[in-house]
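Indexing begins at 1, ligand by ligand and atom by atom, following the structure's order.
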Amino acid sequence: MIQKAKGTYDIYGDYGKRLLYVEELIEGLMEKYNYEYFRTPIFESSSLFHRGVGDTTDIVTKETYDFKDRGDRDLTLRPEGTAGIVRSYIENKMYGNHNIPVKAWYYGPMFRYERPQSGRYREFYQFGVEAFGSSDALMDAEIISIPVNLYKLLGLKGIKVNINTLGDNESRNNYRNALIEYFKPYINDLCEDCQERYNKNPLRILDCKVDHNLDVMKNAPRTIDYLNETSKEHFENVKKYLDSMNIDYEINTNLVRGLDYYTHTVFEVEASVEGFGSQNVLCGGGRYDNLVETLDGPKTSGVGFAMGMERLMTALEYENVEMPLIDGIDCYVIPMSENEKDYAMHICGDLRLNGFITEIDYNNRNLKNNFKNADKFNSKFIIIIGEQEKDSGILTIKNNGAKEEYKISHDELIDFLDENMGE
Ligand code: HAM
């Protein structure tokens, strides 16, 4: 038997219903925040991710799905959404033909060749947003408020917002130099990857999954001590706006994030319920004021986040969050013989187009088994179509709850159901 590829999963049943409910809520929330829906390709030129996500990140060095197409082009399945959205922003010249800031949201599969475990997949879905063209802290705070408000709408309670700042280019450089000085005597104690990070991007050392428990990591310099005045003021404003929205957060000075492009604010929201498991980061993001330029666009501020849908679904399940899912159908249509199937299908079409969830007997069951089947579907009404009903256009309808039977003409069917569906 052919099995699914490692690190992937199937969706069906109640999980599918719950997921669709969450997706609809996301769509509605994005409408209220007035973000524009973007869909970019699942594969892009490999160089986009090398330059965009960063050559020293685990994502690019160890986790991408790279391939050559039949035209010998180097392509990569996207490991995240930001680089593709930035490419689209630049390629479609949105800096010139859109309202500024451009506020984008997206949803779709991402691919990383990671070691699969609970909450970590090789194909996973992200909901993300990116906003271009405002360097104001208002935008950072708005971005952080999106996942927080989504969790609030869903009724998820056990969450914790961690924030930090890396500062602007000058502050980041000062911090980088401080890290180089600090780690110099300990370089041989670090793992092989970190020794390479030391040369290429020492900030990455703080994000190491191997060395993170070493004392040398715990006592490392903090970004917050290397901020210039502008960076301090930006961070103070972010905090002020978060306070004004009553959003609780903690400042975590070790938070640097696993991608190279961040400046100023970085943040993560984690599930802070006991026993949730190690993959508890529900979403993460931050500001990236250099990325558009790095990818050959005009100098443009950017800020965004992405949320892992699988971890969100696990958190909702973990907290037993209830959802108003549709349970049962409106009508179950029974053609009594081969001769009535065409008329029954006609009725089904009418019902479905008028908004009623409708099933028909596809399997030539006898009447008794059809009644049982209608019960399994938890159908509110049963519509029986025999020879007489087809000839006269007067239908036999049973209210499956009250067990009452009605004779209703085809013309009045929709009005009748509209009036009686609530019973
Ligand atoms: P990221 O932290 O790499 O950031 O991923 C964001 C979220 O995607 C994570 O917090 C996690 O919930 C989920 N995630 C990541 N990898 C996996 C995986 N292998 N399996 C399941 N879930 C996963 C980014 O991707 C940035 N593009 C976020 C961003 C947008 N920053 C600015 N704008």
Side-chain angles (χ1 to χ4, degrees), residues 5-9 35 38 40 44 48-49 52-54 57-60 62-65 77-89 101-132 139-140 142-144 146-147 150-151 156 159-164 166 204 207 209 255-271 276-292 294-295 300-316:
K6 197 172 169 186
T8 64
Y9 62 92
Y35 278 62
F38 274 52
T40 60
E44 299 260 9
L48 174 68
F49 301 112
V53 176
T57 59
D58 277 357
I59 297 176
V60 163
K62 298 180 189 160
E63 297 170 3
T64 48
Y65 280 87
L77 296 185
R78 61 183 185 193
E80 57 105 52
T82 311
I85 300 283
V86 172
R87 182 211 38 77
S88 171
Y89 169 83
V102 173
K103 305 202 295 181
W105 77 277
Y106 56 92
Y107 182 89
M110 308 293 160
F111 304 86
R112 296 184 193 177
Y113 191 79
E114 295 195 83
R115 196 170 50 77
Q117 62 181 90
S118 163
R120 198 203 271 156
Y121 300 90
R122 290 184 173 172
E123 182 192 37
F124 60 98
Y125 272 66
Q126 279 186 347
F127 151 51
V129 313
E130 315 293 346
F132 302 102
M139 196 49 102
D140 308 47
E142 171 168 304
I143 294 287
I144 297 172
I146 293 174
L150 177 67
Y151 301 145
L156 198 64
I159 59 152
K160 190 172 143 218
V161 180
N162 291 303
I163 64 170
N164 190 23
L166 307 176
R204 293 257 58 73
D207 194 49
K209 288 161 196 146
L255 182 67
V256 291
R257 306 260 310 124
L259 303 92
D260 275 353
Y261 44 61
Y262 294 108
T263 52
H264 287 290
T265 318
V266 285
F267 79 99
E268 286 182 350
V269 183
E270 59 180 44
F276 186 81
S278 59
Q279 302 302 311
N280 67 341
V281 181
L282 299 180
C283 74
R287 180 168 276 285
Y288 47 86
D289 286 346
N290 302 321
L291 183 58
V292 178
T294 306
L295 293 174
T300 309
S301 305
V303 51
F305 81 87
M307 172 183 297
M309 291 305 292
E310 297 75 12
R311 293 182 196 180
L312 171 61
M313 295 305 291
T314 308
L316 291 168

Which residue owns the protein heavy atom closest to [atom], what's the atom, and how far is it?
| atom | value |
| --- | --- |
| atom 27 (N) of ligand 1 | Glu80 OE1, 2.5 Å |
| atom 14 (N) of ligand 1 | Phe124 CE1, 3.5 Å |
| atom 8 (O) of ligand 1 | Gln126 NE2, 3.1 Å |

ask   = How far apart are the closest heavy atoms of Tyr262 and Val256, and which atoms are they?
value =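 Reported closest heavy-atom pair: CD1-O, 4.4 Å.
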
Structural part of [X] in contact with ligand 1, heavy atom criterion under 4.0 angstrom:
| X | value |
| --- | --- |
| Glu268 | neither |
| Glu130 | side chain |
| Arg120 | both |
| Gln279 | neither |
| Tyr288 | side chain |
| Leu282 | backbone |

When you check the side-chain N and O atoms of [X] and [Y], is any donor under 3.5 Å from an acceptor?
| X | Y | value |
| --- | --- | --- |
| Ser278 | Gln117 | yes |
| Tyr89 | Glu130 | no |
| Glu123 | Thr8 | no |
| Thr294 | Tyr261 | no |

ask   = Does ligand 1 have any atom sitting under 4.0 Å from a heavy atom of Arg287?
value =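 No heavy atom of Arg287 comes that close to ligand 1.
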
key: Any Ala83 heavy atom less than 4.0 Å to ligand 1   =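 So Ala83 does not count as touching ligand 1.
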
With heavy atoms of [X] as the reference, note each atom of ligand 1 found under 4.0 Å away.
| X | result |
| --- | --- |
| Gly284 | 10 (O), 28 (C), 29 (C) |
| Cys283 | 10 (O) |
| Gly119 | 20 (N), 21 (C), 22 (N) |

task = Using a strict 4.0 Å threshold on nitrogen-to-oxygen distance, state whether Arg204 and Asp58 make a salt bridge.
result =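 No, Arg204 and Asp58 are not salt-bridged.
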
request  = Identify which one of Arg78, Arg122, Arg112 satisfies the side chain to side chain contact (heavy atoms under 4.5 Å, CB included) criterion when paired with Tyr65.
outcome  =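 Exactly one pass, corresponding to Arg122.
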
request  = Check whether any side-chain heavy atom of Phe132 sits under 4.5 Å from a side-chain heavy atom of Pro101, and report yes or no.
outcome  =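 SC-SC contact between Phe132 and Pro101 ruled out.
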
ask   = Is the shortest N/O to N/O distance between Gly81 and ligand 1 below 3.5 Å?
value =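 No, there is no polar N/O contact under 3.5 Å.
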
ask   = For atom 31 (N) of ligand 1, which candidate among Tyr106, Tyr262, Phe305 holds the nearest heavy atom?
value =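 Among Tyr106, Tyr262, Phe305, the closest heavy atom to atom 31 (N) of ligand 1 comes from Tyr262.
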
